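Quantities reported herein were computed from a predicted structural model and do not represent experimental measurements. Side chains are part of it too, since the values below use all heavy atoms of this structure and drop only hydrogens, waters and symmetry mates.
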Amino acid sequence: MNKVILVLLMVCVMAPMAFAKQLDKDYVEVIYFHGKQRCPTCIAIEKNTRMVIDSDFAKHKKSGKVKFRIIDISTADGEREAKKYRVTWSSLFVNRVKNGDTTVNNLTQEAFKTARAHSDVFRQELKEAINEALK
């Protein structure tokens, strides 16, 4: 009887820890790649992306559910990361990481179309992409 109680107690203590560990694996990662030289549109992509993350997803960022990385591909570390995504110039990705699997969503084309001239459209599209990835 004591063994049964001990096992149940261990399950009650360990199960939430295992669940929490699983939640740590599930997140959305927004990655902005850029080179050493940046045009006004590239700068607008970073500025507007940062604005969306910091205002609309601040709680998610704080909890680790949304992560934002800016990677300079002109550095050795940035170049290695860029190879994983086959990136050779400024690019924007909203990736969903769930159960250790990554679903890559390349928003580069949309970002270059809208981030500078139609920043409100860009920010709305980015919010939608992040919200979809959070589901």
Side-chain angles (χ1 to χ4, degrees):
M1 182 68 150
N2 287 341
K3 287 182 182 181
V4 171
I5 292 171
L6 182 61
V7 168
L8 286 174
L9 182 60
M10 288 178 63
V11 168
C12 289
V13 170
M14 299 301 268
M17 291 169 59
F19 180 71
K21 198 173 211 178
Q22 179 61 42
L23 288 178
D24 288 344
K25 292 182 188 177
D26 298 346
Y27 59 92
V28 173
E29 182 174 48
V30 179
I31 306 174
Y32 169 63
F33 292 95
H34 68 83
K36 193 172 194 170
Q37 298 286 327
R38 295 196 286 170
C39 68
T41 302
C42 296
I43 293 167
I45 292 170
E46 179 181 344
K47 175 186 166 194
N48 284 294
T49 300
R50 186 181 304 276
M51 189 182 305
V52 167
I53 300 284
D54 291 344
S55 63
D56 296 290
F57 297 97
K59 289 181 184 178
H60 291 90
K61 183 179 175 186
K62 186 176 180 180
S63 71
K65 288 305 230 178
V66 172
K67 300 177 183 186
F68 179 42
R69 294 194 301 150
I70 300 169
I71 299 173
D72 181 348
I73 63 174
S74 67
T75 66
D77 288 340
E79 188 177 329
R80 279 190 293 278
E81 192 71 23
K83 283 182 182 179
K84 293 179 192 176
Y85 288 90
R86 297 183 178 151
V87 168
T88 57
W89 60 306
S90 293
S91 301
L92 180 66
F93 291 85
V94 175
N95 300 330
R96 177 182 183 185
V97 180
K98 188 162 185 158
N99 298 324
D101 294 325
T102 302
T103 303
V104 175
N105 183 9
N106 187 343
L107 296 181
T108 304
Q109 188 172 8
E110 292 83 3
F112 271 92
K113 284 181 191 175
T114 59
R116 185 168 174 217
H118 306 285
S119 58
D120 55 333
V121 173
F122 169 74
R123 288 190 302 268
Q124 184 60 39
E125 289 176 350
L126 180 58
K127 284 183 215 177
E128 290 172 6
I130 294 170
N131 278 322
E132 184 63 29
L134 283 168
K135 290 182 181 176

**Request:** Without swapping roles, check the side chain of Y27 against the backbone of H60 for a donor-acceptor pair under 3.5 Å.
**Result:** no
**Request:** Taking all heavy atoms of I70 and all of E46, pick out the closest pair and write down the distance.
**Result:** CD1-OE2, 3.3 Å
**Asked** To the nearest 0.5 Å, what is the distance between CZ (R96) and CD (E132)?
**Response** 8.0 Å
**Minimal non-hydrogen separation, I43 against Y32, with atom names** = N-OH, 4.4 Å
**Closest contact, heavy atoms only, D72 versus G35** = OD1-C, 3.8 Å
**Item:** Single hit among I31, I130, I53 for side-chain contact (heavy atoms from CB on, under 4.5 Å) with F68
**Value:** I53
**Prompt:** Taking a hydrophobic cluster as the set of Ile, Leu, Val, Met, Phe, Trp and Tyr residues connected by side-chain heavy atoms closer than 4.5 Å, whether directly or through intermediates, do F122 and V94 fall within one such cluster?
**Reply:** yes
Please output the side-chain donor-acceptor pairs of residues 80-89 that fall under 3.5 Å, not counting sequence neighbours, one pair per line with the distance.
residue	atom	partner	partner atom	Å
R80	NH2	D77	OD1	2.1
E81	OE1	K84	NZ	3.3
E81	OE2	R69	NH2	2.9
Y85	OH	N95	ND2	3.0

**Prompt:** In the single-linkage hydrophobic clustering (I, L, V, M, F, W, Y; side-chain heavy atoms under 4.5 Å), do V104 and I73 co-cluster?
**Reply:** yes
**Message:** Given 3.5 Å as the limit, does a donor-acceptor pair link the side chain of N99 with the main chain of D26, or not?
**Reply:** no
**Request:** Could you tell me whether the side chain of R38 and the main chain of S90 form a donor-acceptor pair under 3.5 Å?
**Result:** no
**Prompt:** So, do I71 and H34 sit near enough that their side-chain heavy atoms are less than 4.5 Å apart?
**Reply:** no
**Asked** Does any pair with a residue in residues 109-125 pass salt bridge (Lys or Arg N to Asp or Glu O under 4.0 Å), and if so which ones, sequence neighbours excluded?
**Response** none
**Donor-acceptor contact present, side-chain N48 to main-chain A115, <3.5 Å** = yes
**Message:** Quick check against the 3.5 Å criterion: does T108 have a side-chain atom that pairs as donor or acceptor with the backbone of L92?
**Reply:** yes
**Message:** Assigning hydrophobic clusters by single linkage (Ile, Leu, Val, Met, Phe, Trp, Tyr; side-chain heavy-atom cutoff under 4.5 Å), is V66 placed with V97?
**Reply:** no
**Between CD1 on residue I45 and SG on residue C39, distance to nearest 0.5 Å** = 7.0 Å
**Message:** Quick check: do K127 and F57 have side-chain heavy atoms less than 4.5 Å from each other?
**Reply:** yes
**Request:** Would you name the heavy atoms of A129 and N105 that are closest together and state the gap between them?
**Result:** CB-ND2, 4.1 Å
